[in-house]
Amino acid sequence: LNELTLGMLAVQSKPQAPMQEPSPPPTSLTLPLGVKVLQISVAQLDISGAPAISDIRASLDSNGTKHRLSLQQLRLPQGSLSAALNVAGTAPFAAAGSFVLAGQLDGASLTAVGQFEGNLRALAVKADLNAAKVSASVDGEFDLFAPHSYQIMRHGHVQLAQLNPALFAPAAPQAKIDADLRVVPTDQGASLSLQVENHAVASLDKNGLPIAKLSAELQLIGDDVQLKTLSAQLAGQGQLKASGGLRQEQLDIRLTASAINPAALWSLQPSSQMAGELHVSGPWLAPDVKGQISDQARQATLQLDLGWIKPKTQRRVAVRRFELARGQSQVAAQGEVNLLSPYDFKLDAQLKRFNPAEYIQSPAGSINANVKANGAVEPIPSVKLAYQLQDSQFNGAALAGQGELQLSPDRLQQAQLWLALGTNRIDVNGALGKAADQLVYQVKLPHLNALGASFSGLIEGRGVLRGALQAPKVQASLLVNQL
């Protein structure tokens, strides 16, 4: 074949259930006949989650059992890559090759060279990258078909200096990372040590990485992992420590957190001191997470119990327990969320003696309520909501209410709800979004001061809304006095 030309090639990987049976390693990479393509051209290669790839020029020469791929050019955001690969089609797949990358990285000249030799189950790789103060080196042996990700590097050494992940992957956080990873063979398997230091610590909402240092030592024994030490220093004085390991595909890890300031993780949060313990246990790809987190400044405690539902066939997370308590206030919730299309969810929440003044600037209250919600994101976002308040008060006045509704981007339906605070009351009934729909409301708020000291006056009115949800026609009357 003289020429094969593609304008755009898109490769999309479908998310899988966490415990779905993995594909076994190949037993053969042979072809039923020889193939020779003198020129392969791809204008754009779109791989989900990968940086932009364009202007690919390559050639392929295979006799069916031995393959040679020559890559004359592949353009990345950092520059142009050229490479050569020879691989045998029969196990263990003898392979050899090299690559060269030349370009720019954050305004500085970038060069990277590497070579590899051996077979795909034991491939010796040596590579170096340099760009001003940024450098990276890899020298090790890799098993590309290892059954577990932590077994891919059989032995070797990886070093990074002043590396900013965001320069290689736009979705990655901004950071300046020094890292040193060593894997040393032992009689039983291998020992792994990792040291990471981040010289540009920042909160997640600023596209940063709130981890200052990370240190870990692991012992690999066959398919098992023993976590000898793991500690992380977060922004500020926060500390994370872990112990435990992986045995016979089952995780048993305990995490301890201390002196964590939520504002250092997400800058919009108020400063505080948080601590707690989490127990991660169960199948290593779909473990349960249980534990307790306390907030010293707010004197609040959170109890958690999370897990997976049918992890062999679904990516569905169960919230078995979510209980937040502060003083007499309690919020409890249970539910589930699907991480695959249609991204459906369920929520069942209860408020017991909930006092909003303990969390925000608000009059005191004691709210007892049940809230149920369910819905989905696809094919169109939709949610069904129901609530009921009983034996509640706010700002010294009785608070009551009950209702349900169903909402989508273009329609509100099955709306039957009311809410009363003292002598103030709001009623809403009907639907809105279609030509025959009408939404009827009535507002009686004779004592707005029941909402708080900054409110006063009277509002009374009633009306009907018809037509489109985004631009309804309104027929209403309204009385406002001393607002």
Step by step, work out the side-chain contact (heavy atoms from CB on, under 4.5 Å) result for W284 and H148.
CA-CA 11 Å; W284 82 290; H148 302 94; 3.5 Å; yes

Pairing donors with acceptors under 3.5 angstrom, does anything connect the side chains of [X] and [Y]?
{"X": "Q393", "Y": "S366", "value": "no"}
{"X": "T229", "Y": "E217", "value": "no"}
{"X": "D288", "Y": "H279", "value": "no"}
{"X": "Q350", "Y": "D348", "value": "yes"}

Evaluate the side-chain proximity of [Y] to [X]: yes if any heavy-atom separation is below 4.5 Å, no if none is.
{"X": "L412", "Y": "L469", "value": "yes"}
{"X": "Q296", "Y": "S272", "value": "no"}
{"X": "L101", "Y": "T111", "value": "no"}
{"X": "L71", "Y": "S82", "value": "no"}
{"X": "I221", "Y": "Q219", "value": "yes"}

Roughly how far, to the nearest 0.5 Å, is [atom2] of [Y] from [atom1] of [X]?
{"X": "L240", "Y": "I211", "atom1": "CG", "atom2": "CD1", "answer": "7.5 Å"}
{"X": "S281", "Y": "R254", "atom1": "OG", "atom2": "CZ", "answer": "8.0 Å"}
{"X": "N424", "Y": "H447", "atom1": "CG", "atom2": "NE2", "answer": "7.5 Å"}
{"X": "W418", "Y": "I426", "atom1": "CH2", "atom2": "CD1", "answer": "12.0 Å"}
{"X": "L324", "Y": "Q330", "atom1": "CG", "atom2": "CD", "answer": "9.5 Å"}
{"X": "I367", "Y": "N355", "atom1": "CD1", "atom2": "CG", "answer": "8.0 Å"}

Working for side-chain contact (heavy atoms from CB on, under 4.5 Å), residues V125 and D139:
CA-CA 6 Å; V125 178; D139 188 357; over 6 Å; no

Please determine whether a side-chain nitrogen of the Lys or Arg among [X] and [Y] lies less than 4.0 Å from a carboxylate oxygen of the Asp or Glu.
{"X": "D427", "Y": "R425", "answer": "yes"}
{"X": "R247", "Y": "D223", "answer": "no"}
{"X": "R182", "Y": "D180", "answer": "yes"}
{"X": "R75", "Y": "D55", "answer": "yes"}

Please say which of L230, L234, I177 ends up in a side chain to side chain contact (heavy atoms under 4.5 Å, CB included) with L214.
L230

Only one of L192, L246, I253, L251 forms a side chain to side chain contact (heavy atoms under 4.5 Å, CB included) with V225, so which one is it?
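For V225, the side chain to side chain contact (heavy atoms under 4.5 Å, CB included) test succeeds with only one of L192, L246, I253, L251, which is L246.
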
Could you walk me through whether V371 and L385 pass the side-chain contact (heavy atoms from CB on, under 4.5 Å) test, one step at a time?
CA-CA 7 Å; V371 180; L385 176 69; 3.7 Å; yes

Provide the closest heavy-atom pair for [X] versus [Y] in the form atom of the first, atom of the second, distance.
{"X": "D295", "Y": "R298", "answer": "OD2-NH1, 2.5 Å"}
{"X": "A369", "Y": "L389", "answer": "CB-CG, 4.0 Å"}
{"X": "D143", "Y": "Q151", "answer": "CB-O, 4.3 Å"}
{"X": "S392", "Y": "N368", "answer": "OG-N, 2.7 Å"}
{"X": "Q78", "Y": "F168", "answer": "NE2-CA, 3.4 Å"}
{"X": "D205", "Y": "S203", "answer": "OD1-OG, 2.8 Å"}

Start with the C-alpha distance between E378 and S341, add both sets of side-chain angles, then the distance that settles side chain to side chain donor-acceptor pair (under 3.5 Å), and finish with yes or no.
CA-CA 7 Å; E378 294 179 352; S341 181; 2.4 Å; yes

Would you indicate whether E117, at its atom CD, is surrounded by more than 12 heavy atoms from other residues, nucleotides or ligands within a distance under 6.0 Å?
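For E117, atom CD is not crowded (no more than 12 foreign heavy atoms under 6.0 Å).
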
Starting from the C-alpha separation in whole Å, work towards a yes-or-no answer on side-chain contact (heavy atoms from CB on, under 4.5 Å) for L9 and D46.
CA-CA 6 Å; L9 177 61; D46 185 3; over 6 Å; no

Just say parallel, tilted or perpendicular for the rings of F354 and Y359, cut-offs at 30° and 60°.
parallel

